Amino acid sequence: MNQSPVWHAFTQHGLGEPVPLIERAEGAWLHGADGSRWLDAISSWWVTTHGHCHPRIMAAIRAQTERLDQLIFAGWTHQPAEDLARGLRAIMPETLTRVFFSDSGSTAVEVALKMALGHWANLGTPRHRIVVMEHSYHGDTIGAMSVGARGVFNQAYAPLLFDVVRIPFPAAGAEQATIDALDAACREAPAPAALIVEPLLLGAGGMLGYGAATLAELAAVCARHDVLFIADEVMTGWGRTGTLLACEQAGVVPDILCLSKGLTGGALPLAVTMAAERIFESHYSTDRTKTFFHSSSYTANPIACAAANANLAIWTEEPVLERISALGTMQAERLADISLHPRVEAPRRIGTIAAFDIAAPEGGYLAAIGPKLTAFFRDRGLLLRPLGSTVYVMPPYCVTGDELDLVYSAIGEALESLFDDLQTGSP
Ligand SMILES: *Cc1c(COP(=O)(O)O)cnc(C)c1O
């Protein structure tokens with residue numbers, strides 16, 4: 001039995017896997033106490049955008065700690081939150097005029113769902129059905145799990161999850177079935193309150209991409225039926241897919257937008273749910289029962305907001321999109337090389353994210369190969385955490401070509417040696 005009292009996230013402690021202790025981090029590297037180091041090829045679970053301990057973000061945090069640590073955000077305000085809301089309005093789609101703060105991607109999604117239902121209830125035309133896409137992931141709280149894919153992760157909690165309407169994932173060639181399913185769901189009474197989707201790329205569902213034209217069609221169907229369109233850009237936002245928001249590539253603007261992960265550059269937990277004016281308006285009243293009843297204790301924490309303001313300054317003052325584009329090219333070249341390997345299936349890339357599936361005897365998240373790969377990479381100084389038999393590389397934007405070469409040469413090695421093991425049946 002492990003001596004540490006820490007119960008880790010998404011970790012089966014019974015398997016006895018080592019848990020590396022990290023002392024500090026810089027750029028794309030994590031450093032252990034004993035001098036060992038790991039290249040963070042998944043941006044510490046998709047949050048670190050510009051690199052670890054980015055000097056501008058760290059300086060902003062330090063400066064804020066000298067002034068204001070925390071403040072109730074119901075009826076009180078502070079400059080870092082005011083600046084951040086204005087800064088977001090300046091770089092995010094123009095029609096998203098209101099900024100609601102929370103602490104994580106899951107809470108940003110919960111807020112979005114509550115805003116959607118609150119909107120219809122306040123208009124006197126209550127709606128409660130939510131349309132979701134097959135294989136999607138929106139977080140691990142009960143509401144966020146309800147609108148996400150059902151499976152091994154949440155089957156124990158299934159009795160607590162609410163019913164949603166599912167439309168199929170728009171696999172290549174089958175996009176029309178998805179559009180038609182959404183259209184049918186929108187026509188069926190009672191009308192849905194909202195559609196929630198991960199734009200262009202389903203992350204935790206296995207790095208599954210679909211086209212901008214399909215995303216544009218989904219948004220158009222929602223608009224036609226006056227169903228709210230919620231974009232969960234918690235993972236895809238902040239340049240991951242090559243543009244600030246993935247929605248940009250489809251020329252669509254959601255009614256409600258969820259952002260977290262890269263909002264602070266990955267330094268501190270913070271989220272926003274941005275809403276179109278009409279959603280704020282339906283809550284705007286002298287009638288207190290129409291209030292948006294949501295808060296968490298650390299809503300808009302000033303230190304986290306200061307980190308996010310530094311992130312916005314980096315985005316507006318530095319050539320971030322150029323860095324992202326260069327990283328995309330580097331990823332494309334390496335993915336093309338590794339794709340020549342016979343065990344690599346469905347290589348795919350969008351922006352800074354590259355992924356492929358390994359032809360494994362069993363697929364899915366619990367595929368035997370997954371933990372073996374993770375351990376293999378950990379032993380070679382790499383933080384990579386395949387989703388079952390899906391390997392993906394999602395590094396911070398500061399990663400160099402030489403560093404990426406380390407990642408892909410280890411992947412190449414894994415494709416050779418782990419397969420020999422699987423074929424001979426040894427552990
Ligand atoms: C990670 C993620 C979430 C949940 O964010 P947390 O900060 O982990 O709660 C929600 N939606 C998407 C698309 C995500 O990738």
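Counting starts at 1 for both ligands and their atoms, following the listed order. Just so you know, these numbers come straight off a predicted model, no measurement behind them. Numbering of residues begins at 1 and proceeds along the displayed sequence.
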*Any idea how Phe292 and Phe100 line up, ring-wise: parallel (<30°), tilted (30 to 60°), or perpendicular (>60°)?*
perpendicular
_Per-atom contacts of ligand 1 with His138, taking only distances under 4.0 Å to non-hydrogen atoms_ = 10 (C), 11 (N)
_Could you tell me, atom by atom, which parts of ligand 1 come under 4.0 Å of a heavy atom of Met235?_
15 (O)
*Output the list of atoms in ligand 1 that are nearer than 4.0 Å to some heavy atom of Glu198, sorted by atom number.*
13 (C)
_Flag: protein heavy atom within less than 4.0 Å of atom 7 (O) of ligand 1_ = yes
*Quick one: CZ on Arg240 to CD on Glu233, what's the gap to the nearest 0.5 Å?*
13.0 Å
_Atoms in ligand 1 flagged as close to Gly105, the criterion being non-hydrogen separation under 4.0 Å_ = 4 (C), 5 (O), 6 (P), 7 (O), 9 (O)
*Do any heavy atoms of Glu233 fall under 4.0 Å from ligand 1?*
no
_Quick check with a 6.0 Å cut-off and a 45 degree axis cone: is Arg380 positioned over the face of Phe376's six-membered ring?_
yes
_Give the atom numbers and elements of ligand 1 that come within less than 4.0 Å of a heavy atom of Ser106._
4 (C), 5 (O), 6 (P), 9 (O)
_Starting from atom 12 (C) of ligand 1, what is the nearest protein heavy atom, named by residue and atom, and what distance separates them?_
Asp232 OD2, 3.4 Å
*Is the gap between the ring centers of His13 and His8 under 6.0 Å?*
yes
*Just wondering, do Arg378 and Pro18 contact through their side chains at under 4.5 Å, heavy atoms?*
yes
*Determine the interplanar angle of the Phe73 and His78 rings, folded into 0 to 90°, and report it as parallel if under 30°, tilted if 30 to 60°, perpendicular if over 60°.*
tilted
*asked:* Checking Asp405 now: which residues fulfil salt bridge (charged side-chain N to carboxylate O under 4.0 Å, His left out) with it, not counting sequence neighbours?
replied: Arg334
*With atoms numbered from 1 as shown, which atoms in ligand 1 lie under 4.0 angstrom from a non-hydrogen atom of Lys261?*
1 (C), 2 (C), 3 (C), 14 (C), 15 (O)
*asked:* When you measure from the heavy atoms of Trp45 to every atom of ligand 1, does any distance fall below 4.0 Å?
replied: no
*Ligand-residue contact atoms, ligand 1 with Ser104, heavy atoms, under 4.0 Å*: 7 (O), 9 (O)
*asked:* Between the side chains of Asp357 and Arg343, is the shortest nitrogen-to-carboxylate-oxygen separation below 4.0 Å, so that they form an ion pair?
replied: no
*asked:* Show me which atoms of ligand 1 lie under 4.0 Å from any heavy atom of Gly139.
replied: 4 (C), 10 (C)
